[in-house]
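Written below as structure tokens is the structure these notes are about.
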Amino acid sequence: MGTEYDRIADIYDMIHQDPESLKENRQVMRKIGPVNGEVVLDIGCGTGLFMDYNPDVKNYHGIDPSLRMLQQFIRKHENVNLTRCKFEDCFTFLKFDLIVCLFGSANYIKPYALRRIPRLLSNKGRYFVMLYKPGYCPVTYERSGIVVARYYHD
């Protein structure tokens, strides 16, 4: 189940340390708001950006299809629940208080699977999903030369 992101996992964090990326990360985390005791699902968790900004989250579940990205995540954060899978292939009976899918990760998920997100929420649950607009080229692609097939949603 290798992905194109396996190829850039070792440099992924490094290529996002410029002032513009860091500012954008902080803005996104402010929009998500405080995470206090919530059960979190991070779809497309990559190297652990959400946990970089929320290290005190205790009940965290991350999924990503890239083994190498998950290995980078583990190097930075211990005691997290990580699963190597595509969201379409993950079936869970858990309910989450917060589901995040950051920086266009949702563009790689088939539309039928995206529609599952609200059903995975607890009664007090909320979600934050970021999509690329059609024609947008992520900075990840520009800086690393990565080419990944992706879905666009209406």
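Residues Y60 and F50 are in side-chain contact: their nearest non-hydrogen atoms beyond the backbone lie under 4.5 Å apart. Between L98 and I32 the shortest side-chain heavy-atom distance falls below 4.5 Å. When side chains are defined from C-beta on, F96 does not count as touching S122, because their heavy atoms never get closer than 4.5 Å. Using a 4.5 Å cut-off on side-chain heavy atoms (C-beta onward), V40 and V35 make contact.
The OG atom of S66 sits 12.0 Å away from the NZ atom of K86 when rounded to the nearest 0.5 Å. Separating the SG atom in C45 from the CE atom in M51 is a distance of 10.5 Å, to the nearest 0.5 Å. Distance CG/L49 to CE/M69: 10.0 Å, rounded to 0.5 Å. Here the CZ-CG distance, from F87 to L120, works out to 5.0 Å after rounding to the nearest 0.5 Å. Here F73 contributes atom CZ and L67 contributes atom CG; the two are 14.0 Å apart, rounded to the nearest 0.5 Å. Annotation: the span from L41 atom CG to I117 atom CD1 amounts to 8.0 Å, rounded to 0.5 Å.
Between I109 and A113, the shortest heavy-atom distance links the atoms CG2-CB, 3.6 Å. Minimum interatomic distance between F128 and K31 (heavy atoms only, all atoms of both residues): CE1-CB, 3.8 Å. Of all heavy-atom pairs spanning L102 and S105, the tightest one is O-OG, 3.0 Å. Contact record, R119 with R115: NH1-O, 3.8 Å, taken as the closest heavy-atom pair.
Formation of a donor-acceptor pair under 3.5 Å by the D64 side chain with backbone atoms of G46 is found in this model. At least one donor-acceptor pair under 3.5 Å links the side chain of E88 to the backbone N or O of K110. Between the side chain of D18 and the backbone N or O of S21, at least one donor-acceptor pair lies under 3.5 Å. Under the 3.5 Å distance criterion, the side-chain polar atoms of D97 are matched with a main-chain donor or acceptor of V39.
Classification of K76 and D13 as a salt-bridged pair holds, one side-chain N sitting under 4.0 Å from a carboxylate O.
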Report task. Kindly indicate, with the supporting measurements, whether the criterion salt bridge (Lys or Arg N to Asp or Glu O under 4.0 Å) is fulfilled by E38 and R126. Result -> CA-CA 10 Å; E38 293 178 296; R126 61 194 173 104; 2.9 Å; yes
Requested in this report: Please report the C-alpha distance between E4 and R7 in whole Å, then the side-chain angles of each, then the deciding distance to 0.1 Å, and finally whether the salt bridge (Lys or Arg N to Asp or Glu O under 4.0 Å) criterion is met.
Outcome: CA-CA 6 Å; E4 284 290 319; R7 188 169 58 82; 3.5 Å; yes
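Follow the hydrophobic side-chain contacts under 4.5 Å out from Y12 and you reach M14 in the same cluster. One hydrophobic cluster, built from ILVMFWY side chains closer than 4.5 Å, holds both L94 and V129. In the hydrophobic clustering of this structure, L82 does not group with I99; members are Ile, Leu, Val, Met, Phe, Trp, Tyr whose side-chain heavy atoms approach within less than 4.5 Å, directly or through other members. Under the 4.5 Å side-chain contact rule for hydrophobic residues, V28 and V100 share a cluster.
Separation of the Y108 and F103 ring centroids does not fall under the 6.0 Å cut-off.
A side chain to side chain contact (heavy atoms under 4.5 Å, CB included) with C101 is found for one member of N107, L131, I43, I63 and no other, namely I43. Exactly one of Q72, Q71, R68, H16 qualifies for a side chain to side chain contact (heavy atoms under 4.5 Å, CB included) with T47. That residue is Q72.
The closest side-chain donor-acceptor pair between H61 and N59 falls under 3.5 angstrom.
Around OH of Y53, the count of heavy atoms belonging to other residues, nucleotides or ligands within 6.0 Å exceeds 12.
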